[in-house]
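Have a look at the structure below, then the notes.
Basis for what follows: all heavy atoms, side chains included, without hydrogens, waters or symmetry-related copies. For this chain, numbers begin at 1 and follow the sequence in order.
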Amino acid sequence: MTAQIPEDDGSVLDDLDEETLERRRGRTRKGRPTGRYQMIVHVGEDRTIQMGVLEGRSLVEHYVSRPEDGATSIDGNIYLGKVQNVLPGMEAAFVDIGTPKNGVIYQRDVQFDAGEIEGGGAPKIETALKNGQSILVQVTKNPIGAKGARLTQDVSLAGRFVVMVPNQPTTYGISKRLPDDERKRLRKVLEGIRPTDAGLIVRTAAEGATADELTRDLARLQDQWRQISSLAAQSKAGTLLYREPPLVVRVIREEFTKEYRSVVIDDDVIFSEVKAYVDAIAPELSERVERYEDEHLPIFERFHVHEQLHKALDRKVWLPSGGSLIIERTEALTVVDVNTGKNVGKSNLEDTVFMNNLEAADEIARQLRLRDIGGIIVIDFIDMEIKKNRDAVTKGLREALARDKTRTQVFEISELGLVEMTRKRISEGLVEAFSETCAVCGGRGFVVDEAML
């Protein structure tokens, strides 16, 4: 990761040579931006947009947006919904938001008044929500399969540098991915601009942002919320009050920082939209938005995204030293089996297994992120006799997962050599985005020989 230095009077930089200074400012001597990541955007003939995020040369994230997704991808949208059915036994309620399937809201995502909390215990959902009631909700998860959208009353609006949480003044936080000294600086800045009627969460992109930039970002969100509130006051239940921007703009807003050396786009329309957006919100990064001009070599082939996507659809993944992973997905969970394969090691079995498992831990984190696998995940590492080695593998897995912005939780290796973990399910996943259920076997992976029955 490229080191970032705070603004100062320059005295602490006197002993650094010019090349080092330029590198720390995110540039090389030749003036080319440096950075750990690169974003590649390809637009197909049918206007399907694919985005790949490269860490070095390795593909670590992939996004896809089809023209028809405007109606199905509703994550982040805000609606005025109508409660259809409250289920106390499930601590949930179904809410009509004007989509084909009703959304579902759970008790922990409902806002309760002080009078609705009895005796200091857990409040009951039926005390806050009634059938036919209109409520303002935000989608936190797209509909997946037979499940409707996941909803919350804790609405939040994302800006470039901050996330504003209306009507939740006690909500306050600063990204833990920022250095301690930068968190301290931002905390002082926020003391002067923090609103009294809303919470604030500072994003990683706020590193180096000035007080004026944070103030303008917050002002845009406050104006946006006033428009949403005004529209809600004069609308009927089932009305869309706010729509999240298109995929490319959304990812740029969430991800694009000085750690990206470039965003390369092969379409004039998308390039113009992204360029204008970056000019408005982060002009210092504007020159890193590039138009891909090679008509003979497709952009995904030029940056080796295409071949890495093909490999990411396989159940088997090879490790650098000859070992392998087998990734199997089921309805309830995903299982990852670690094998030594062609890795025969050099000294003894314990060392061979330990090094193979370390390689596997790093690759598993990348594959979960790339394939966007969520839910319960069980990893079957190869058995290790030495506890120190088992602890090191678990630590390595956690460190590799720390680069993933999606929330994960990892437990210690069990006596059976298994690691249980969870990763928040965000979308349908890479395999589902590029495939459909087999019409012959119904997704079972085999065809029954009817003649034998």
Quick test of your reading of the model: are Glu255 and Lys405 salt-bridged, counting only N-O distances below 4.0 Å?
yes
Among Thr408, Asp404, Thr334, which one satisfies side chain to side chain donor-acceptor pair (under 3.5 Å) with Arg423?
Asp404
Going through the checks in order, is the ring pair (Phe, Tyr, Trp, His ring centres under 6.0 Å) test met by Phe434 and His310?
CA-CA 10 Å; Phe434 282 100; His310 272 279; 8.5 Å; no
For Ile74 and Ala149, which heavy atoms make the closest approach, and how far apart are they?
CD1-CB, 3.9 Å
Would a distance-only check, ignoring hydrogens and angles, find a side-chain to backbone donor-acceptor pair under 3.5 Å from Arg47 to Arg66?
no
Should Arg250 and Asp75 count as an ion pair when the cut-off is N to O under 4.0 Å?
no
Does Asp380 reach the main-chain N or O of Val335 with its side chain, forming a donor-acceptor pair under 3.5 Å?
no
Not counting sequence neighbours, which residues clear side chain to side chain donor-acceptor pair (under 3.5 Å) with Arg398? List them please.
Glu412
Can you tell if the side chain of Asn167 reaches within under 4.5 Å of the side chain of Trp225, non-hydrogen atoms only?
yes
With a cut-off of 6.0 Å (strictly less than), are more than 12 heavy atoms of other residues, nucleotides or ligands near CZ of Arg407?
no
Check for a donor-acceptor pair, side chain of Asp314 on one end and backbone N or O of Lys316 on the other, with a separation under 3.5 Å.
no
Are any non-hydrogen side-chain atoms of Ile135 and Leu80 less than 4.5 angstrom apart?
no
Going by distance alone, is a donor N or O of one side chain under 3.5 Å from an acceptor N or O of the other, for Tyr292 and Glu290?
no
Check: Asp180 and Lys184 side chains under 4.5 Å, non-hydrogen atoms
no
Taking the side chain as C-beta and beyond, is there a heavy-atom pair between Thr340 and Ile382 under 4.5 Å?
yes
Have Asp279 and Ser286 got a donor and an acceptor in their side chains that come within less than 3.5 Å?
yes
Backbone N or O of Val43 within a donor-acceptor pair of the Asp267 side chain at under 3.5 Å?
no
Take Leu430 and Asp372 through the test side-chain contact (heavy atoms from CB on, under 4.5 Å) and record every step on the way to the result.
CA-CA 6 Å; Leu430 181 72; Asp372 201 8; 5.6 Å; no
Counting only heavy atoms from other residues, nucleotides and ligands, does the tally under 6.0 Å from OH of Tyr172 exceed 12?
yes
Quick check on side chain to side chain contact (heavy atoms under 4.5 Å, CB included): which of Ile105, Asn85, Leu129, Asn102 does Val95 satisfy it with?
Ile105
Show, in sequence, the C-alpha distance, side-chain angles and deciding distance for Leu370 and Leu59, and conclude whether the side-chain contact (heavy atoms from CB on, under 4.5 Å) test is met.
CA-CA 7 Å; Leu370 173 57; Leu59 183 66; 3.7 Å; yes
pair Val419-Phe381: side-chain heavy atoms closer than 4.5 Å
yes
For Arg57 and His304: C-alpha separation, side-chain torsions, deciding distance, then whether side-chain contact (heavy atoms from CB on, under 4.5 Å) applies.
CA-CA 8 Å; Arg57 295 184 178 181; His304 307 289; 5.8 Å; no
Pair Gln224, Met164 - check side-chain contact (heavy atoms from CB on, under 4.5 Å), show working.
CA-CA 10 Å; Gln224 198 174 76; Met164 188 181 78; over 6 Å; no
Atom CG of Leu325 and atom CD1 of Ile327: how far apart are they, to the nearest 0.5 Å?
5.5 Å
Quick check: closest heavy atoms across Gln153 and Leu136, and the distance to 0.1 Å?
CG-O, 3.8 Å
Hey, what do you get for CD (Gln409) to CD (Glu420), rounding to the nearest 0.5 Å?
10.5 Å
Residue among Gln308, Gln50, Arg369 satisfying side chain to side chain donor-acceptor pair (under 3.5 Å) with His62:
Gln50
Are there more than 12 heavy atoms of other residues, nucleotides or ligands under 6.0 Å from atom CD1 of Ile376?
no
Any residue meeting salt bridge (charged side-chain N to carboxylate O under 4.0 Å, His left out) with Asp109, in chain and number order, not counting sequence neighbours:
Arg150
With a 6.0 Å cut-off (strictly less than), is the heavy-atom count around CZ of Phe94, excluding the residue itself, greater than 12?
no
How about Met51 and Ile49: do any of their side-chain heavy atoms sit closer than 4.5 Å?
yes
Nearest heavy-atom neighbours spanning Phe112 and Lys124
CE2-O, 3.2 Å
Does any non-hydrogen side-chain atom of Asp337 lie less than 4.5 Å from one of Asn339?
yes
Any heavy-atom pair between the side chains of Ile40 and Phe300 that's under 4.5 Å?
yes
On a heavy-atom basis, the closest approach of Cys441 and Cys438 is N-SG, 3.5 Å
Does NZ belonging to Lys342 count more than 12 external heavy atoms closer than 6.0 Å?
no
So that I know where these two stand, are Phe303 and His42 an aromatic pair - ring centroids less than 6.0 Å apart?
no
Over 12 non-hydrogen atoms of neighbours within 6.0 angstrom of CD in Glu284
yes
Between CD of Glu432 and OG1 of Thr437, what distance do you get to the nearest 0.5 Å?
8.5 Å
Check salt bridge (charged side-chain N to carboxylate O under 4.0 Å, His left out) between Asp268 and all other residues, then give those that pass, not counting sequence neighbours.
Arg291
Between Arg108 and Glu91, is the closest basic N to carboxylate O distance under 4.0 Å?
no
Spacing of Asp96 atom CG and Tyr79 atom OH [to the nearest 0.5 Å]:
11.0 Å
Polar side-chain atom of Arg243 near backbone of Asn77 as donor-acceptor pair, under 3.5 Å:
no
Minimum heavy-atom separation for Lys141 and Val139, please, with both atom names.
O-CG1, 3.4 Å
State whether the side chain of Ser230 and the backbone N or O of Arg226 hold a donor-acceptor pair below 3.5 Å, judged by distance alone.
no
Between Glu254 and Arg160, does a salt bridge (Lys or Arg N to Asp or Glu O under 4.0 Å) hold up when you go through it step by step?
CA-CA 7 Å; Glu254 306 288 331; Arg160 170 64 177 168; over 6 Å; no
Do Ser414 side-chain atoms and Leu418 backbone N/O form a donor-acceptor pair below 3.5 Å?
yes
Nearest atoms (heavy-atom pairs only) where Pro195 meets Leu218
CD-CD2, 3.8 Å
Side chain of Asp266, backbone of Pro298: donor and acceptor closer than 3.5 Å?
no
Using atom types as modelled and distance alone, determine if a side-chain donor or acceptor of Arg203 lies under 3.5 Å from a backbone N or O of Gly159.
yes
Under a 3.5 Å threshold, yes or no: a donor from one side chain and an acceptor from the other, between Gln138 and Thr152?
no
Salt-bridge present (Asp391, Lys387; N to O < 4.0 Å):
yes
Answer yes or no for Lys311 and Trp318: cation-pi contact, defined as NZ/CZ to six-membered ring centre under 6.0 Å and angle to ring axis within 45°.
no
Polar side-chain atom of Asp217 near backbone of Val162 as donor-acceptor pair, under 3.5 Å
yes
